[in-house]
Amino acid sequence: MSANDAFHIAVLAGDGIGHEVTPPALEVLRKVEATTPGLKFRFTEAPAGAEEYKATGKSMSEKTVKLCEQADAIFLGACGLPSVRYPDNTEIMPQVELRFIFDLYAGVRPARLVKGAPSPIVGAQEKGIDFILIRESTEGLFASMGKGVVTKDEARETLVVTRDKTERLFDFSLRLAQRRKKRGKEGRLTLVDKANVFKAFNWQRDIFNERKPKFPDVKTDMLYVDACAAMMVKKPWDFDVMVMENMFGDILSDLAAGLVGGLGLAPSADIGDKHAVFQPCHGTAPDIMGQGKANPTAMILSAAMMLDWLADKHDLPAAGEAAQRIERAVDKAYETIKPMEFGGKDGTAAISKAVLAAL
Ligand code: ATP
C-alpha cells in the first residue's frame, strides 16, 4: 500500500471469546484512525477455526487464505474449541497453520506489566516488567509435529534448526532490540538456549556471533534456558529482548504472561518477512464465552503491536505513535478498572469503555 491508502486488515475473529474481544479492539483502531492524520483502515472479516470446520470441513477456506495473503496484516481473535476435533483428535488451529503458510518465523511475545495489574512477583509494580520474548515459530522441536515415531518401546521426536531461519530470526531480534533502544529501552538481546548440552545450540551461538556485529549498538548476552526460567521469576526486570528455540519459547512465553497478570493482558505477534498475524496469547476460553467476562485488553494490545509493525514496515511514524497512545490508554484505564479475571467486577464492556475513554 502507499502511505495515502488505507491499510487492509484481514480480521479473523475465530471462535469462543474471539468474537467478544475482536469488536472492542476494532473500535479502538477506529478511534485512533479518527485522530491520526494519514492513518486509515479497511477491515475485511472472514471465518476461521472450529465453527468454520464444523460447517465446511475446513479450518479456513481458500478465500480466507487468499484474503490473508493480500491484506497488509492479519488480526486474529482466538480459534479452536475442545469439542471440535480433526479425526486424529487434534484441535482446529488455523493460527498455527497460518505460521507455516506465511512462514511467520518470529513469535513476538511482549511481557509488559500494566500499572495496577497483579503480578505474582514481589516488587514487580515498583520495579516494572517490560521485556519481549521472541520465540522461533516454524522449526525447532516443532519441526517434528506429526512426524514423531512411536513404537512399543521407544518414542522419537527430532529438533531441527536451519541456518537460513536462524539468521533471519537473529537479524529480526537484533533489529527489534535496536528499535527499543531508540525508544529509551536498554536495547539488549539475550540468546536463550541449552548450548551446554546440545551441539545444535552451540552451532546457533556461532551464528549469533556472526550476526551481531551488524548491530554494533545492541548489547548481547547468552543464557541457558533453565537459568533463564529462574531469572525470569527472580528478576524479570533485568530482561530486555530475548530470543529462543520454538519449544523453549512455547513454555517460557506462558511463564512471561503469568508474570504480568495473565492471559487476558498478553498480546502477541507472529511475524515473517512479508506477512504478520497479531492475536492475543489466550485461547477461546470456552468456560467464560458468551458471558461478557472476557478481558479484551490482550486483543487491544495486539492491535497496538500491529500498528507498530505497520509503522516500521511502511515508514509511517504516526502509526507507531498511535500504538504508544493505545498502550498509554490501557495503563490509564487500569487505574480505575479491575477485570473479573483478577476478582474484580469489570467485564468486556466496562474494560472496553474505560480504554476508549482514556484514548
Ligand atoms: P488454547 O489451548 O486454545 O491456547 P488455553 O488452554 O490456554 O487455550 P484459554 O482459552 O486461553 O486456554 O483459557 C485459559 C483460562 O484463562 C480459562 O480459564 C479462561 O477463562 C481464562 N482466560 C483466557 N483468556 C481470557 C480473557 N481474555 N479474559 C478472561 N479470562 C481469560
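What you see below is based on every heavy atom in this structure, not just the backbone, and it leaves out hydrogens, waters and symmetry mates. Order of listing sets the numbers, starting from 1, for every ligand and every atom in it.
- Residues satisfying the salt bridge (charged side-chain N to carboxylate O under 4.0 Å, His left out) test with Lys332, not counting sequence neighbours, are none.
- The salt bridge (charged side-chain N to carboxylate O under 4.0 Å, His left out) test with Asp240 is passed by exactly one of Arg179, Arg112, Arg188, Arg180: Arg180.
- Partners of Thr90 under the side-chain contact (heavy atoms from CB on, under 4.5 Å) rule, at least two apart in sequence or in another chain, are Tyr86, Asp88.
- The residues lining ligand 1, counting any heavy atom closer than 4.0 Å, are Ile17, Leu263, Gly264, His282, Gly283, Thr284, Ala285, Asp287, Ile288, Ala294, Asn295, Glu341.
- Other members of a hydrophobic cluster containing Leu263 are absent, since no ILVMFWY side chain comes under 4.5 Å of it, directly or through relayed contacts.
- At least one side-chain heavy atom of Lys115 sits less than 4.5 Å from a side-chain heavy atom of Gln125.
- For the pair Arg135 and Phe142, the cation-pi criterion (under 6.0 Å, within 45° of the ring axis) is fulfilled.
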